[in-house]
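Encoded as structure tokens, the structure appears first; notes follow it.
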Amino acid sequence: MVCGWLSVLGLGKNKNSSPEVDLYKSLDSDKLPVHIAIIMDGNGRWATQRGLPRALGHRAGVDSLRDIVRTCSALGVGFLTVYAFSTENWKRPAEEVATLMDLLAEYLYKELNELNKNNVRVKTIGRIDELPVKSREALAMAEKETLRNTGLTLNLALNYGGRNEITEAVKQIGRDASAGKLNPDEIDENIISGYLYTAGIPDPDLLIRPSGEKRISNFLLWQVAYAEFWYSPVLWPDFRKEHLLEALVDYQNRQRRFGGLHQSKR
Ligand code: IPE
Ligand code: IPE
Ligand code: MG
């Protein structure tokens with residue numbers, strides 16, 4: 001399995017001793033996270049450090065996304081949810097918001113072939129109806145054109161906020177309860193999960209935040225209840241497969257207990 005990964009991930013067979021290859025070799029293919037969530041942060045700082053406009057940091061961040069999507073796909077990860085625009089990001093200057101929206105559409109049109117080649121299905125979470133029409137059209141196109149793909153699901157969190165998601169779910173639960181479609185006494189965690197944007201998608205196993213920040217910033221508040229967190233000082237435009245790999249190796253060395261005891265202590 002590892003040999004297969006090495007070729008799919010573009011690591012030459014002869015590069016047997018590079019640190020990256022060593023990391024791959026230490027991965028256990030049976031213990032990969034099914035769902036990885038990433039807060040793609042640090043684009044602005046990356047640009048500022050180079051004396052560039054913030055927009056170029058966002059543009060550089062697209063290369064990281066491409067690399068990480070490719071890597072997750074090659075490894076056989078089931079779901080990758082990336083935080084691309086939060087409900088709070090509207091507070092930024094209109095010009096920066098417009099750049100982010102343009103980049104999204106550009107990414108989707110440019111990457112469509114590669115996404116299809118890698119059997120990646122595109123989905124979204126968030127209040128998509130409030131995005132500019134150009135972004136909505138690009139998203140609808142990408143979702144439609146990748147609908148039949150059965151590999152990695154790339155879940156784009158756009159105009160997404162965890163509190164907003166829960167608020168919307170509560171409203172809909174209220175409506176369904178008053179319409180007699182739902183018995184309030186039967187509401188349980190599974191029913192609530194089914195009202196979220198992520199309905200049908202397993203909770204993230206691993207949450208990655210680059211850029212040195214150690215906060216959740218309103219991302220997947222309900223879903224990360226038992227996710228493993230991994231932080232890195234690397235800024236998102238510098239984040240590549242070797243960083244993902246480090247996160248995966250670290251993840252595989254953790255003991256997930258879900259409130260119980262580790263198996264060996266039972
Ligand atoms: C993440 O990078 C991109 C979005 C939030 C859309 P930032 O733009 O937040 O970069 P920093 O945190 O200012 O460096
Ligand atoms: C979180 O990053 C949102 C995205 C990456 C899309 P922010 O840069 O907006 O978060 P804060 O403001 O540092 O918490
Ligand atoms: Mg930021």
Side-chain angles (χ1 to χ4, degrees), residues 35-69 72 79-108 110-111 122-132 134-136 138-139 142 154-168 196-198 201 204 206-224 227 229-240 243-244 247:
H35 185 174
I36 300 175
I38 304 184
I39 301 177
M40 303 188 290
D41 197 17
N43 298 351
R45 277 163 284 169
W46 184 92
T48 307
Q49 281 172 8
R50 287 161 177 75
L52 299 170
R54 291 177 60 86
L56 291 186
H58 295 311
R59 185 165 281 284
V62 176
D63 295 333
S64 307
L65 179 60
R66 183 181 305 111
D67 193 56
I68 297 309
V69 170
C72 284
F79 301 87
L80 172 67
T81 300
V82 292
Y83 206 6
F85 193 85
S86 76
T87 45
E88 287 72 38
N89 287 148
W90 296 108
K91 293 177 194 165
R92 297 188 179 200
E95 198 189 317
E96 181 166 345
V97 171
T99 299
L100 287 164
M101 295 301 158
D102 287 350
L103 277 173
L104 167 71
E106 192 183 313
Y107 168 79
L108 293 169
K110 261 199 191 159
E111 294 303 307
V122 175
K123 282 189 164 195
T124 58
I125 55 170
R127 303 193 71 159
I128 303 304
D129 55 321
E130 292 176 354
L131 295 178
K134 231 173 92 177
S135 318
R136 281 186 276 132
L139 289 164
L154 170 62
N155 210 15
L156 301 167
L158 290 158
N159 194 17
Y160 174 87
R163 286 189 168 187
N164 170 260
E165 175 181 43
I166 293 168
T167 307
E168 290 303 315
L196 301 176
Y197 295 126
T198 49
I201 296 177
L206 173 64
L207 172 72
I208 296 176
R209 184 162 192 163
S211 93
E213 308 297 355
K214 296 190 177 71
R215 54 179 170 262
I216 195 76
S217 300
N218 205 10
F219 192 39
L220 301 174
L221 298 181
W222 171 275
Q223 297 87 338
V224 295
F229 284 22
W230 192 80
Y231 302 105
S232 162
V234 172
L235 301 171
W236 177 248
D238 289 327
F239 200 93
R240 287 293 182 277
H243 305 109
L244 178 67

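Counting convention: from 1, in listed order, for ligands and their atoms alike. Predicted model, so just to flag it, every value in this text is computed and none were measured.
Contacts between Glu213 and ligand 1 below 4.0 angstrom, taking non-hydrogen atoms only, are absent altogether. In Asn89, the part holding a heavy atom less than 4.0 Å from any atom of ligand 1 is the side chain. If you look at Gln49 next to ligand 1, there are no close heavy atoms at all, none under 4.0 Å. With a 4.0 Å heavy-atom cut-off, ligand 1 is reached by the side chain of Leu100 but not by its N, CA, C or O. Contacts between Lys91 and ligand 2 below 4.0 angstrom, taking non-hydrogen atoms only, are absent altogether. In Glu88, neither the side chain nor the backbone holds a heavy atom less than 4.0 Å from any atom of ligand 2. In Ser211, neither the side chain nor the backbone holds a heavy atom less than 4.0 Å from any atom of ligand 1. With a 4.0 Å heavy-atom cut-off, ligand 2 is reached by the backbone of Phe85 but not by any atom from C-beta on. Neither the backbone nor the side chain of Ala157 comes within 4.0 Å of ligand 2, counting heavy atoms alone.
A distance-only check finds no donor-acceptor pair linking the side chain of Tyr107 to the backbone of Leu65 [under 3.5 Å]. Of the possible donor and acceptor atoms, one in the side chain of Asn159 sits under 3.5 Å from a partner among the backbone N and O of Arg127. In this structure, Arg136 contributes its side chain and Leu131 its backbone to a donor-acceptor pair below 3.5 Å. In this structure a side-chain-to-backbone donor-acceptor pair under 3.5 Å is present from Asn218 to Arg163. Using a distance-only test at 3.5 Å, with no hydrogens or angles considered, no donor-acceptor pair links the side chain of Ser86 to the main chain of Gly161. A donor-acceptor contact shorter than 3.5 Å is absent between the side chain of Asp41 and the backbone of Pro210. Side-chain atoms of His243 come within 3.5 Å of backbone atoms of Arg240 as a donor-acceptor pair (strictly under, hydrogens ignored). When atom types are taken as modelled, the side chain of Arg45 and the backbone of Ser211 share a donor-acceptor pair closer than 3.5 angstrom. Under a 3.5 Å cut-off, the side chain of Tyr160 and the backbone N or O of Leu220 do form a donor-acceptor pair.
For the pair Trp222/Thr198, no side-chain contact is recorded, criterion being any heavy-atom separation below 4.5 Å from C-beta on.
Below the 2.8 Å limit, the Mg ion (ligand 3) has as protein N, O or S neighbours Asp41 OD1.
Within a 4.0 Å radius of atom 14 (O) of ligand 2, the protein has at least one heavy atom.
Near Arg215, with a cut-off below 4.0 Å to any heavy atom, the atoms of ligand 2 are 11 (P), 13 (O), 14 (O). For ligand 2, the atoms sitting less than 4.0 Å from at least one non-hydrogen atom of Ile39 are 1 (C), 5 (C), numbered in the order shown with element in parentheses. Proximity to Ala84 (heavy-atom distance under 4.0 Å) selects the following atoms of ligand 1: 6 (C).
Closest approach of Pro204 and Val224 over heavy atoms only: CG-CG1, 4.4 Å.
The structure places CD1 of Ile68 at 5.5 Å from CZ of Phe239, a figure rounded to the nearest 0.5 Å.
Of the listed options Met40, Arg92, Arg45, Arg92 places a heavy atom closest to atom 7 (P) of ligand 2.
Heavy-atom neighbours of Arg54 CZ from other residues, nucleotides or ligands within 6.0 Å: above the threshold of 12. With a 6.0 Å radius and a threshold of 12 heavy atoms from other residues, nucleotides or ligands, Arg50 has its CZ atom above the threshold.
Between Asp41 and ligand 2, at least one pair of N/O atoms sits closer than 3.5 Å.
In terms of protein heavy-atom proximity, atom 2 (O) of ligand 2 is closest to Arg209 NH2, 3.6 Å. For atom 10 (O) of ligand 1, the nearest protein heavy atom (residue, atom name, distance) is Gly44 N, 2.9 Å.
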